[in-house]
Amino acid sequence: MKILWNNKIVDESEVKIDTEDRGYQFGDGIYEVIRIYDGLLYMEEEHLERFWRCAEKIRLTLPFTKEEFSQRLHQFAEEVGIKNGRLYFQVTHGTSKPRFHAFPEPQKVMPVLTADIQETSRPLEKLSKGIKGGFVPDKRWLHCDIKSISLLGNILALNEAQENGYDDAILVRDGFVTEASSSNLWMVKDGVIYTHPDGELILPGITKIKVRELAKDLGIELVEEPFTKERLADADECFKTSSVAEVMPIISIDGKNIGDGTPGTITKQLQAAYIEAIEKSVKKM
Ligand code: PMP
C-alpha cells in the first residue's frame, strides 16, 4: 500500500514513525476521512476546513497551506489510482524529546502526516435494510468537536453496543442523545427532523452540512436541539450520517422498533437526495 508520508509518496514498508512521536505516545493528533466517489474527493473543501480548525484547537501549525495540501492529496489519489474508496489522513505533533505532556514549542517540532487510500464500496445492503442501534452512556471527554486520533471513548462505546448484539452505539449524555459512535444521529417525528446542535458534545459532521442543505431543498423542517432517549425511542424514524455510512437508517434501538421497524420515508428521501448530490458533483468534475 502506498502512503503519503509528509510530502513523499512511499510504500508503507518505508514509513518510519519515531516511537517518541506524540501521536504514538499521547494520542496527540487529529485526522480526517474523505470519501472518494469516481475519483472525486467528496466535499474536500469542508473536510480540509475542519482539519485546519481542529489543528488550531490542538495548537498545531500545519507546515503547508490548504491549497498545497489539496494539491498533494490529489496527486496522491491519482498515483494510488483507487476511484472509489476512503482517503484517511492524520497529523500528529511529531517527535519531541524528552517525553513531556505539555505541547512543544512550534519551532522545535515538525508535525508528522500520513495518508492512505483504501478501496471501499457503498454499504448497499445496510443502506436499504437499516441497522440496529443500542443506547450506550456517552463517557467521552468534552472536546468531541475535535476529530482526535484518540478514539478510545468511541471504540469502547461501539464495542459495548456490539457485545449487546447491536450494530452501533447511540450515545446518551445526561439523558440526551448526542451522536452515534462514529456518525451524527438524527430522528424524525411528525415530519420534522431533529439532531443535536454542533458544539463540544459532538463532531460537526461534513455529511451533516450536506443533509442540512438537502432538508432545506426538500422543504423538510430541521430543528437542531438536544432530544432525550425517550423521545428518540418514540420517534417515527431514526438515521445516522457520516462520510462512510452516508444516510444510514436505524430501524430499532435496544431491540424496540423505531416506527414500523423499516427505513422511514424521510430517511429514504434524504438517502436518494444524498446520492443525487454526489452524482451531480461527480458530473461537474
Ligand atoms: N461523529 C463522529 C464521532 C465521527 O467519528 C464521525 C465520522 N468522522 C461523524 C460524527 C460524522 O462526520 P462526517 O460526516 O464528517 O464523516
Side-chain angles (χ1 to χ4, degrees), residues 27 29-37 40-55 57 73 85-91 115-118 120 122-123 126-127 131 133 135-161 167-173 176-187 193-215 222 224 226 238-250 267 270-271 273-275 277-278 281:
I30 51 164
Y31 77 110
E32 269 300 328
V33 181
I34 302 184
R35 197 60 176 77
I36 306 180
Y37 293 102
L40 170 77
L41 275 60
Y42 191 55
M43 300 190 76
E44 177 197 352
E45 214 177 300
E46 289 84 352
H47 281 280
L48 292 190
E49 261 170 38
R50 184 172 65 187
F51 193 56
W52 254 258
R53 246 186 0 252
C54 287
K57 286 180 181 170
L73 288 180
R86 56 177 143 168
L87 165 64
Y88 204 111
F89 52 92
Q90 49 193 18
V91 68
D116 65 81
I117 299 174
Q118 293 183 9
T120 314
R122 301 185 50 225
K126 286 183 175 168
L127 284 170
I131 60 162
F135 287 124
V136 174
D138 190 347
K139 295 182 183 172
R140 299 174 301 165
W141 66 339
L142 293 169
H143 289 296
C144 297
D145 53 323
I146 299 176
K147 200 161 167 59
S148 159
I149 58 171
S150 324
L151 285 169
L152 264 181
N154 307 60
I155 291 167
L156 283 169
L158 176 61
N159 212 56
E160 187 174 329
D167 299 303
D168 200 358
I170 296 175
L171 301 172
V172 181
R173 196 191 284 270
F176 290 92
V177 174
T178 50
E179 55 184 341
S181 75
S182 57
S183 312
N184 291 116
L185 204 280
W186 312 67
M187 65 165 230
I193 308 175
Y194 297 86
T195 195
H196 197 288
D198 288 346
E200 290 183 339
L201 298 184
I202 66 163
L203 185 82
I206 303 305
T207 319
K208 191 179 181 198
I209 299 175
K210 183 55 73 182
V211 169
R212 267 193 207 108
E213 266 174 47
L214 298 175
L222 166 61
E224 297 196 37
C238 176
F239 59 94
K240 66 174 192 175
T241 58
S242 80
S243 304
V244 175
E246 301 180 354
V247 178
M248 178 65 73
I250 296 178
T267 306
L270 286 168
Q271 273 187 332
Y274 189 69
I275 283 308
I278 293 168
S281 304

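We count residues from 1, following the sequence as given. Both counts, for ligands and for their atoms, begin at 1 and track the order of listing.
- You'll find the side chain of Thr207 reaches within 4.5 Å of the side chain of Tyr274, heavy atoms only.
- Screening residues 177-186 for salt bridge (Lys or Arg N to Asp or Glu O under 4.0 Å) gives Arg140-Glu179 as the qualifying pairs, with residues at least two apart or on separate chains.
- Distance NZ/Lys126 to CD/Glu246: 12.5 Å, rounded to 0.5 Å.
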Check ligand 1 against the protein and report each N/O to N/O distance under 3.5 Å, formatted as atom name, atom name, distance.
from     : atom 1 : to     : atom 2 : distance (Å)
ligand 1 : 1 (N)  : Glu179 : OE1    : 2.7
ligand 1 : 8 (N)  : Lys147 : NZ     : 2.4
ligand 1 : 14 (O) : Ile206 : N      : 3.2
ligand 1 : 14 (O) : Thr207 : N      : 2.9
ligand 1 : 14 (O) : Thr207 : OG1    : 2.6
ligand 1 : 15 (O) : Arg50  : NH1    : 2.9
ligand 1 : 15 (O) : Arg50  : NH2    : 3.0
ligand 1 : 15 (O) : Ile206 : N      : 2.8
ligand 1 : 16 (O) : Ser243 : N      : 2.9
ligand 1 : 16 (O) : Ser243 : OG     : 2.8

Where do Glu46 and Lys210 land on the salt bridge (Lys or Arg N to Asp or Glu O under 4.0 Å) test, with the steps shown first? CA-CA 10 Å; Glu46 289 84 352; Lys210 183 55 73 182; over 6 Å; no
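- Between Glu32 and Arg50 there is a salt bridge, with a side-chain nitrogen of the basic residue lying less than 4.0 Å from a carboxylate oxygen of the acidic one.
- Between His143 and Lys57, the closest side-chain pair of non-hydrogen atoms is not below 4.5 Å.
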